[in-house]
Asks: 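Pasting in a structure now, in structure tokens, and then I'll have a few things to ask.
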Amino acid sequence: MDLTTTIFKAVANERRVKIIRMLGKKDEITVNSIANELNLSMPAVSRHLVKLESVGLLKKRQTSKWIYYSLNLDKNKRINFTILKTCKESR
């Protein structure tokens, strides 16, 4: 499966899109904060975060107590370019 298809599959979920939007508004956020804001269980949020992280959309930073997630801006620039290129090629 190519990168573009993998990315589209990862973001083809309303909750994951909401998580991405939340992270776009904040530098970092914890699983607990996401779970509270979206009214989801922490295991459900963790599964969504793992999916987004596996395709490179997110990165995480762990302290002794918390894991903070943020958008992987370097990777997202490459992903945006790949998606735009794919869209232009399909015209």
Side-chain angles (χ1 to χ4, degrees):
M1 190 176 321
D2 72 341
L3 176 63
T4 307
T5 304
T6 304
I7 301 296
F8 280 137
K9 283 188 175 195
V11 297
N13 179 289
E14 183 180 353
R15 290 181 176 145
R16 290 186 203 129
V17 171
K18 287 180 180 180
I19 291 169
I20 291 168
R21 285 183 178 149
M22 286 176 65
L23 288 167
K25 295 175 184 175
K26 300 178 181 185
D27 289 336
E28 293 182 316
I29 196 165
T30 63
V31 176
N32 191 40
S33 296
I34 295 169
N36 288 337
E37 191 161 330
L38 297 181
N39 198 29
L40 295 171
S41 69
M42 288 186 49
V45 170
S46 292
R47 284 191 300 272
H48 289 301
L49 291 170
V50 165
K51 183 69 172 178
L52 293 170
E53 186 183 13
S54 72
V55 298
L57 291 171
L58 303 182
K59 59 184 178 178
K60 65 182 176 184
R61 176 181 67 85
Q62 186 166 1
T63 64
S64 59
K65 188 174 179 180
W66 300 101
I67 298 176
Y68 293 89
Y69 285 87
S70 61
L71 293 176
N72 185 352
L73 298 178
D74 292 335
K75 178 79 172 196
N76 287 339
K77 288 178 186 174
R78 289 190 301 253
I79 291 167
N80 288 341
F81 175 77
T82 302
I83 292 169
L84 287 172
K85 184 178 170 190
T86 301
C87 292
K88 286 181 181 179
E89 289 172 357
S90 66
R91 289 183 184 175

Asks: Can Arg16 and His48 be counted as having a side-chain donor-acceptor contact under 3.5 angstrom?
Replies: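 Judged by distance alone, the side chains do pair up.
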
Asks: When you look at CZ of Arg61, are more than 12 heavy atoms from neighbouring residues, nucleotides or ligands closer to it than 6.0 Å?
Replies: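 Yes.
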
Asks: For the residue pair Lys18 and Leu38, establish whether any side-chain heavy-atom pair is separated by less than 4.5 Å.
Replies: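 Yes; the side chains approach each other to less than 4.5 Å.
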
Asks: For the residue pair Val45 and Val31, establish whether any side-chain heavy-atom pair is separated by less than 4.5 Å.
Replies: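 Yes, close enough: below the 4.5 Å cut-off.
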
Asks: Got a second to check how far Lys59's NZ is from Ser70's OG, nearest 0.5 Å?
Replies: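 Rounded to the nearest 0.5 Å, the NZ-OG separation comes to 5.0 Å.
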
Asks: Nearest 0.5 Å please: distance from the CG atom of Leu71 over to the NZ atom of Lys25.
Replies: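 Going from the CG atom of Leu71 to the NZ atom of Lys25 covers 12.5 Å.
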
Asks: Are Leu49 and Ile34 packed together at the side-chain level, in the sense that at least one heavy-atom pair is separated by less than 4.5 angstrom?
Replies: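 SC-SC contact between Leu49 and Ile34 confirmed.
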
Asks: Check whether any side-chain heavy atom of Ile67 lies under 4.5 Å from a side-chain heavy atom of Thr30, and answer yes or no.
Replies: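 Sidechains of Thr30 and Ile67: no contact.
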
Asks: Answer yes if Val11 and Val50 sit in the same cluster of Ile, Leu, Val, Met, Phe, Trp and Tyr residues linked by side chain heavy atoms under 4.5 Å apart, and no otherwise.
Replies: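 Each belongs to a different hydrophobic cluster.
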
Asks: For a 4.5 angstrom cut-off between non-hydrogen side-chain atoms, does Tyr68 reach Thr63?
Replies: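 Contact flag for Tyr68/Thr63 side chains = yes.
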
Asks: Side chain of Ser46, backbone of Met42: donor and acceptor closer than 3.5 Å?
Replies: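 Such a contact is found between Ser46 side chain and Met42 backbone.
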
Asks: Would you name the heavy atoms of Arg15 and Asn13 that are closest together and state the gap between them?
Replies: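 Looks like N-OD1, 2.9 Å.
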
